Number of protein chains: 2
Amino acid sequence: MKPTLQAVADAVGVSRSTVSNAYARPDQLSAALRERILETARQIGYPGPDPTARSLRRGFVGAVGVLFTSQLSYAFTDPFAVRFLAGVATAAERHRTSLLLVPLPDDVAGARRAVENAAVDGFCVYCAGHESWALDAICGRGLPFVTTAPSADAGPNDRYAGIDERAAAHAAAAHVAGLGHRRVALLGDTVLPDTPAGRLRLTAVADVPHPTTRGRLAGFADAFAEVGVAWPELTVLNASANNRAAGAAAVRAALAGPTPPTAVLACSDVLALGVLDALAEAGGPPVSVTGFDDIAEAAAAGLTTVRQPAEDKGRIAAQLLLDPPADPAAGHVLLPTELVVRASTGPVPRS
Amino acid sequence: MKPTLQAVADAVGVSRSTVSNAYARPDQLSAALRERILETARQIGYPGPDPTARSLRRGFVGAVGVLFTSQLSYAFTDPFAVRFLAGVATAAERHRTSLLLVPLPDDVAGARRAVENAAVDGFCVYCAGHESWALDAICGRGLPFVTTAPSADAGPNDRYAGIDERAAAHAAAAHVAGLGHRRVALLGDTVLPDTPAGRLRLTAVADVPHPTTRGRLAGFADAFAEVGVAWPELTVLNASANNRAAGAAAVRAALAGPTPPTAVLACSDVLALGVLDALAEAGGPPVSVTGFDDIAEAAAAGLTTVRQPAEDKGRIAAQLLLDPPADPAAGHVLLPTELVVRASTGPVPRS
DNA sequence: GATCCAGACTGAATCGATTTAGAGAGGTGT
DNA sequence: ACACCTCTCTAAATCGATTCAGTCTGGATC
């Protein structure tokens with residue numbers, strides 16, 4: 001049985017309070033006694049106040065939870081998520097706060113309980129794609145949180161660090177449209193839930209549940225509408241997951257079809273890289289491809305993409321959580337994005 | 001003020017115990033009453049038992065700590081560390097256990113307190129390079145832990161998932177020696193603490209404090225000793241950190257010197273990639289380069305390297321922590337490594 | 001009809017600390 | 001010599017749950 005604070009108190013012959021003060025408030029006792037207490041603690045092997053007991057009494061934990069859209073182990077395979085996390089970690093370091101990565105089971109009930117059982121002071125929600133249950137559960141506990149996009153039922157006090165998805169996507173699409181492309185495919189992951197990979201019949205962008213994907217698709221559509229290509233003329237492709245293989249798989253059938261697109265606009269770089277893989281393996285006339293995020297691999301692959309500041313997003317989100325600005329308006333941060341044109345986009349080939 | 005379990009008990013007109021049981025032991029009360037309790041809880045907005053209080057009483061937390069050699073934010077920029085983490089996350093998911101990433105301040109005292117204040121059931125220590133204070137602190141709390149290498153003061157009950165560093169490094173060096181290289185440089189990061197980047201005078205490998213680096217340098221040295229190149233004839237280069245730029249910086253002076261090495265053996269892929277950068281920028285005769293880890297970028301760069309299973313390392317380490325094998329011998333896992341020969345190594349050019 | 005038992009629920013101790021209000025000792029100013 | 005501080009340190013309430021050892025009720029058994 002590990003010694004407790006009580007044991008130290010007994011050994012030194014002082015009260016519990018004094019031992020507690022020796023650790024947490026050195027100014028409350030004489031330096032000599034403090035030293036004696038700490039020395040005795042060392043001798044009997046007391047490792048310092050129990051973190052759990054301390055948290056219970058103090059009412060805060062010193063850790064913030066990080067919630068990911070999908071599997072925790074997946075998050076580490078997504079370059080953008082990793083950079084986001086790096087940013088969060090930077091802010092956490094400054095605040096001497098730990099990060100609790102909470103794995104969420106597949107079922108909503110279990111996931112909800114996981115959120116309810118996390119010992120944290122607040123949550124950093126990587127993606128507002130979480131159906132409202134996550135935010136519900138967090139609010140139910142009265143905990144603060146930040147997201148990476150305005151939430152649907154946004155109170156004026158909620159905070160986020162995100163980008164203007166629609167405008168950013170518009171920039172990429174406008175570039176492609178400017179190159180003359182009119183027969184294009186839009187590629188996203190889990191555009192609609194429980195839908196097979198490949199071409200999707202989507203009446204309206206508004207039907208897409210995931211706000212990020214919805215915003216980007218809307219931005220793509222805006223740009224094409226401006227050049228006279230209406231929504232129904234656009235092909236929407238669904239990938240089963242946000243990774244390279246899924247991107248390749250989703251696009252293959254479309255490329256093999258009778259009227260393949262001359263350009264594919266993807267909602268993320270990893271999907272776009274998958275498209276490049278599929279193109280390389282299929283041969284055929286050149287197809288322009290754009291991605292989103294500008295991860296490291298994008299530069300190497302010559303992928304035209306929309307850059308967003310990944311680390312900043314994480315860092316600022318965590319900062320917003322850890323010391324909330326006095327002015328609620330300052331809780332809504334829009335980060336800059338930039339179209340990065342590389343070799344993967346070019347004019348429509350003459351057929 | 002959030003409602004407590006007591007409030008629910010009062011509202012329903014039962015005892016605290018019963019409400020507690022409604023959440024944690026459904027078999028201890030009638031289904032009807034349980035439903036009534038849960039419903040009332042919902043009505044008055046009780047979010048379920050407080051995780052902190054529960055942890056205190058139950059004596060366990062449901063989270064394991066992950067400790068990194070250096071800055072937490074750095075860990076996310078190191079591809080190998082990220083893959084390790086992905087493995088840890090996989091095991092954590094299976095056990096429905098959370099991961100607590102604990103940022104460590106620069107000072108040892110502060111770092112020690114950070115370890116002592118972490119609310120976790122055990123620790124996964126990414127690198128035994130942590131001077132013993134970390135393991136001391138963990139043991140002082142009586143918590144279980146696993147490392148990625150046998151620790152110096154290894155009790156028979158400690159657990160680790162690692163590789164045979166020395167043998168693995170030997171393989172790389174033997175390959176380079178077999179190509180005829182005799183004038184070689186060994187490159188590691190923080191080979192000696194508080195030492196500037198560049199060439200290092202190192203009397204014996206045993207002086208290197210970091211066990212991983214020590215093991216790899218020893219393995220390199222073994223292979224060259226076998227072909228008659230003694231330790232003093234080997235150049236040891238020190239990098240200020242484990243990243244690409246530091247690798248490049250560490251090797252520059254040596255390349256510009258009068259008798260540059262014909263091969264550079266690095267203790268990690270990121271350092272080796274830095275060496276390739278420096279070579280590309282310097283021009284000059286070809287220099288063979290080997291790395292260690294086989295991260296994704298290594299393949300793209302054509303880097304000869306020693307592959308080690310990063311995700312497995314993390315996953316197995318976490319498994320060892322989360323459900324310890326009955327047989328203590330099973331707590332020592334050595335993972336396979338493999339020399340991957342690519343274009344970055346070749347015969348010594350005729351001068 | 002007495003006994004026994006299973007099921008449903010309660011009481012009270014307990015986990016290990018923090019913190020507020022206040023007690024007692026010793027020193028200062030007038 | 002008295003009131004008044006300042007310094008140290010203590011007592012006791014408190015944080016919010018879990019759990020062991022019962023108690024009580026109603027039905028089955030012999």
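None of the values given here were measured: they were computed from a predicted structure. So you know, we letter chains A, B, ... as the sequences are listed, proteins then strands, and number each from 1.
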Between B:Pro3 and A:Asp27, which has a closest nucleotide on DNA chain D that is more 5'? A:Asp27
Is there a side-chain contact between B:Arg141 and A:Lys2, using heavy atoms and a 4.5 Å cut-off? no
Got a sec, which pairs hit side-chain hydrogen bond (donor to acceptor under 3.5 Å, both in side chains) with one end in residues 100-124 of chain A, sequence neighbours left out? A:Arg112-A:Glu116
Polar atom pairs between nucleotides 18-21 of chain D and protein, under 3.5 Å, N or O only, would you list them?
| unit_1 | atom_1 | unit_2 | atom_2 | d |
| --- | --- | --- | --- | --- |
| D:dT18 | OP2 | B:Ser20 | OG | 2.4 |
| D:dT18 | O2 | B:Arg57 | NH1 | 2.7 |
| D:dT19 | OP2 | B:Arg25 | NH2 | 3.3 |
| D:dT19 | O4 | B:Ser17 | OG | 3.1 |

Assess the side chains of B:Ser20 and B:Ser17: does a donor N or O sit below 3.5 Å from an acceptor N or O? no
Determine, for B:Arg42 against B:Glu39, whether the closest basic-nitrogen to carboxylate-oxygen distance falls under 4.0 angstrom. yes
Is there side-chain contact between B:Leu321 and B:Pro144, with at least one heavy-atom pair below 4.5 Å? yes
Interface limits on DNA chain C, where chain B has a heavy atom under 4.0 Å of a nucleotide atom: C:dC9 to C:dG16
Does anything in residues 22-62 of chain B form a ring pair (Phe, Tyr, Trp, His ring centres under 6.0 Å)? List the pairs, not counting sequence neighbours. B:Tyr23-B:Tyr46
For the helix from C:dG1-D:dC30 to C:dT30-D:dA1, what angle lies between the axis at the first five pairs and the axis at the last five pairs, to 10 degrees? 40°
Over all strands shown, is B:Tyr46 touching base, sugar-phosphate only, or nothing at heavy-atom distances under 4.0 angstrom? sugar-phosphate
Are A:Phe68 and A:Tyr74 close enough that their ring centers fall under 6.0 Å? no
May I ask you to check whether B:Ser15 and B:Thr18 show a side-chain donor-acceptor distance below 3.5 Å? yes
For B:Gln6 and D:dA17, give me the distance from atom CD to atom C1', rounded to whole Å. 11 Å
Across all chains, not counting sequence neighbours, the side chain to side chain contact (heavy atoms under 4.5 Å, CB included) partners of B:Gln6 are B:Thr4, B:Ala9, B:Asp10, B:Arg16
Under 4.0 angstrom, heavy atoms only, what part of the nucleic acid is A:Leu56 near: base, sugar-phosphate, or nothing? base
Is a side-chain donor-acceptor pair under 3.5 Å present for A:Glu93 with B:Ser73? yes
